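The next block holds one structure in the form of structure tokens; read it before the comments.
This is a predicted model, so every value here is computed, not measured.
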Amino acid sequence: MRFLLPLLLLLSALTTTVLLPGCEPKEDLITTDSSARLEFSLDTVKFDTVFVATGTVTKRLWVYNRNARAVRVAEISLQSRPAVTYNLLINGDAGPSARNVEIRGKDSLLVLVRATIDPTPADGKPFLVEDDLRFVTNGNAQAVKVLSYGQNAYFHDAETITSNTVWKADKPHVIYNSVLVKPGITLTIAAGARIYSHFRSYLVVKGRLLCNPDYQPTGPIKPTDPNIVRFQGDRREAEYAERPGQWGGIEFDLGSQGNVLRYTEIKNSTLGIYLFNPFDEQPRPQVRIENVELRNISTLNSGLGFDGAALLSLSGDLTASNTLISNCEQYAVYAVQSSQVRLDYCTIANYSLGTRDQPSVLISPRAPFETINDQPLPAVAPRGLTVRNSIIWGSIRDGDELEFVAGEQYAGNISIRNSLLKTKKYDNTGPLGQQKNGNVLNPDEFAASIFKSTPLRFRGTSLSFELDSLSSASNRALPLLGLPTDLLNRPRNPTTPDIGAYERVNP
């Protein structure tokens with residue numbers, strides 16, 4: 001009996017030690033504080049391997065609990081999408097999700113993300129599947145981006161091109177986080193190349209871009225010609241096929257000269273071709289485009305603080321021939337400061353889905369923003385606008401598709417000849433008036449259609465901005481030296497060609 005009391009006291013002390021929560025290690029105590037957050041080794045898990053065949057790729061993500069106490073993660077989940085199946089491996093358990101996963105205080109958790117990707121979707125295009133890996137802790141939701149690319153392609157992630165480079169056409173090219181061509185360097189894009197760009201990603205050219213420089217068709221081509229170079233966004237879902245503002249555009253900076261784009265399609269961007277020289281410096285960016293189509297251009301919902309344009313020039317020199325610009329939600333041509341623009345045999349058919357207040361063509365001494373890094377931008381009279389044998393038209397019914405801001409200051413630098421224009425403001429013979437030089441002003445679009453099929457007069461199965469049989473633009477142009485064929489390389493009438501990018505072909 002004399003040993004029984006000490007034994008009972010010892011057992012009681014041991015039991016009390018085990019049961020007292022204050023004696024449990026602090027890092028094992030679970031906090032329910034909603035402010036307890038997790039940290040991650042990556043903000044984006046990218047499956048950017050070049051996938052040649054269907055395969056499974058695994059990426060690692062470390063999840064850190066920087067809190068002194070443990071946390072219970074109620075949910076870790078990732079949704080599978082068409083062409084991509086995701087699986088998670090957490091603490092030895094595999095599945096599309098995990099629940100009630102505990103992470104001790106000041107400890108970490110390894111999450112293995114496994115993606116099984118089919119690289120050959122039915123349309124044959126490289127594609128991007130973007131999703132969130134969700135973590136819910138004490139009602140607090142956090143996410144890590146997961147990007148998965150499919151298709152056998154070249155991937156250019158925040159790439160800087162430092163030597164003369166050729167982008168071949170044997171596989172598509174995908175731009176992520178933009179691509180920069182250094183000064184003095186030439187990027188050549190071969191005939192038939194396909195370029196898919198991610199949201200807010202640009203091709204920025206400080207050197208020189210030669211796009212499709214060697215393609216010489218031997219006869220008329222179709223819009224689907226496989227030798228045309230094509231730029232578009234990297235979303236492959238059907239609803240993105242013609243949606244504006246999906247990627248940045250092609251930017252040419254101060255000193256970028258000798259740029260040529262031929263037989264090229266640029267669509268669904270925020271800015272189509274952007275000449276950026278806001279302080280009016282030398283050498284000015286210079287771009288020449290030939291047989292190019294730009295469509296569905298808009299900065300709406302892009303995060304940019306100014307209106308977009310298919311051709312936007314800040315003190316640059318731009319020449320366009322046999323070019324079609326259509327269905328922009330804002331401007332088609334926006335040339336400001338000391339820009340010099342020439343349009344030959346171009347068609348601007350700016351029909352937009354929403355309400356558009358901007359004219360299709362705007363010329364102004366002022367840039368669309370007032371300062372850069374608190375440095376004011378100069379107001380400079382435009383050096384010139386030359387328009388020959390071109391159409392400037394759009395869906396504004398009672399407004400103008402043409403505007404010269406403070407145009408009296410540079411009226412002598414404006415020359416528009418043998419062109420079809422939609423303008424009430426300049427339907428006169430004054431200094432800025434265009435009722436001269438063989439121009440056709442404000443024909444009744446509904447009495448005799450200008451184009452074959454538009455959103456306002458849809459005929460057939462698709463839009464077509466070729467000329468209607470009774471178009472007011474037929475046989476009203478004057479031949480231009482060096483431009484004997486149209487956008488599709490069809491021969492123009494040698495004496496009375498048609499106005500615009502297309503020469504009408506009689507059935």
Using modelled atom types and a 3.5 Å cut-off, is there a donor and acceptor pairing between side-chain atoms of [X] and backbone atoms of [Y]?
{"X": "Ser256", "Y": "Lys206", "result": "no"}
{"X": "Asp132", "Y": "Lys145", "result": "no"}
{"X": "Gln257", "Y": "Arg284", "result": "yes"}
{"X": "Ser302", "Y": "Leu300", "result": "no"}
{"X": "Thr299", "Y": "Gly308", "result": "yes"}
{"X": "Tyr274", "Y": "Ala309", "result": "no"}
{"X": "Asn437", "Y": "Asn418", "result": "no"}
{"X": "Asn212", "Y": "Ala190", "result": "no"}
{"X": "His156", "Y": "Asn177", "result": "no"}
{"X": "Ser419", "Y": "Ser390", "result": "yes"}

Note, [X] side chain near [Y] side chain (heavy atom, < 4.5 Å):
{"X": "Val287", "Y": "Leu261", "result": "yes"}
{"X": "Trp167", "Y": "Val229", "result": "no"}
{"X": "Ile250", "Y": "Leu209", "result": "yes"}
{"X": "Asn389", "Y": "Leu480", "result": "yes"}
{"X": "Val146", "Y": "Tyr86", "result": "yes"}
{"X": "Val333", "Y": "Ile348", "result": "yes"}
{"X": "Asp225", "Y": "Tyr215", "result": "yes"}
{"X": "Ile266", "Y": "Ile273", "result": "yes"}

Between [Y] and [X], is the closest basic N to carboxylate O distance under 4.0 Å?
{"X": "Asp400", "Y": "Lys424", "value": "no"}
{"X": "Glu329", "Y": "Arg356", "value": "no"}
{"X": "Arg492", "Y": "Asp486", "value": "no"}
{"X": "Lys46", "Y": "Asp157", "value": "yes"}
{"X": "Glu466", "Y": "Arg490", "value": "yes"}

Working to the nearest 0.5 angstrom, can you tell me the gap between [X] [atom1] and [Y] [atom2]?
{"X": "Thr186", "Y": "Leu210", "atom1": "OG1", "atom2": "CG", "value": "5.5 Å"}
{"X": "Asp468", "Y": "Ser474", "atom1": "CG", "atom2": "OG", "value": "8.0 Å"}
{"X": "Asp498", "Y": "Asn493", "atom1": "CG", "atom2": "CG", "value": "7.5 Å"}
{"X": "Leu402", "Y": "Leu362", "atom1": "CG", "atom2": "CG", "value": "9.0 Å"}
{"X": "Lys422", "Y": "Asp427", "atom1": "NZ", "atom2": "CG", "value": "13.0 Å"}
{"X": "Gln434", "Y": "Ile392", "atom1": "CD", "atom2": "CD1", "value": "8.5 Å"}

* To do: Assess whether side-chain contact (heavy atoms from CB on, under 4.5 Å) is satisfied between Leu487 and Val292, documenting all intermediate values.
  => CA-CA 7 Å; Leu487 173 61; Val292 170; over 6 Å; no

Pair [X], [Y]: side-chain N/O donor-acceptor within cut-off below 3.5 Å:
{"X": "Ser313", "Y": "Ser339", "result": "yes"}
{"X": "Arg457", "Y": "Ser449", "result": "yes"}
{"X": "Thr323", "Y": "Glu293", "result": "no"}
{"X": "Thr496", "Y": "Arg476", "result": "no"}
{"X": "Gln358", "Y": "Asp307", "result": "yes"}
{"X": "Ser360", "Y": "Asn350", "result": "yes"}
{"X": "Ser298", "Y": "Asn296", "result": "no"}
{"X": "Gln337", "Y": "Asp280", "result": "no"}
{"X": "Asp170", "Y": "Tyr154", "result": "yes"}

* To do: With sequence neighbours left out, write down each residue that passes salt bridge (Lys or Arg N to Asp or Glu O under 4.0 Å) with Glu290, or none if nothing qualifies.
  =>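 Arg262, Arg288.
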
* Residues two or more places apart in sequence or in another chain: which of them pass salt bridge (Lys or Arg N to Asp or Glu O under 4.0 Å) with Asp344? ->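 If we apply the salt bridge (Lys or Arg N to Asp or Glu O under 4.0 Å) test to Asp344, skipping adjacent residues, the hits are Arg342, Arg388.
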
Heavy atoms from other residues, nucleotides or ligands near [atom1] of [X] exceed 12 (cutoff 6.0 Å):
{"X": "Lys436", "atom1": "NZ", "result": "yes"}
{"X": "Asn301", "atom1": "CG", "result": "no"}
{"X": "Glu281", "atom1": "CD", "result": "yes"}
{"X": "Arg366", "atom1": "CZ", "result": "no"}

Atom of [X], atom of [Y] and distance for their closest heavy-atom approach:
{"X": "Tyr334", "Y": "Pro368", "result": "OH-CB, 3.5 Å"}
{"X": "Tyr263", "Y": "Pro217", "result": "OH-CG, 3.5 Å"}
{"X": "Ala169", "Y": "Ala191", "result": "CB-O, 3.3 Å"}
{"X": "Leu467", "Y": "Ser471", "result": "CD2-OG, 3.7 Å"}
{"X": "Ala310", "Y": "Ile325", "result": "CB-CG2, 3.5 Å"}
{"X": "Pro431", "Y": "Ala411", "result": "O-CB, 3.9 Å"}

By ring pair (Phe, Tyr, Trp, His ring centres under 6.0 Å), which residues pair with [X], not counting sequence neighbours?
{"X": "Tyr502", "result": "none"}
{"X": "Tyr345", "result": "none"}
{"X": "Phe369", "result": "Phe306"}

* **Full working for side-chain contact (heavy atoms from CB on, under 4.5 Å) between Gln375 and Leu377** => CA-CA 7 Å; Gln375 185 173 350; Leu377 302 186; 6.0 Å; no

* Determine which pairs satisfy ring pair (Phe, Tyr, Trp, His ring centres under 6.0 Å) with at least one residue from residues 279-302, sequence neighbours left out, and list them in order. =>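 Sorted result for residues 279-302: empty, none.
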
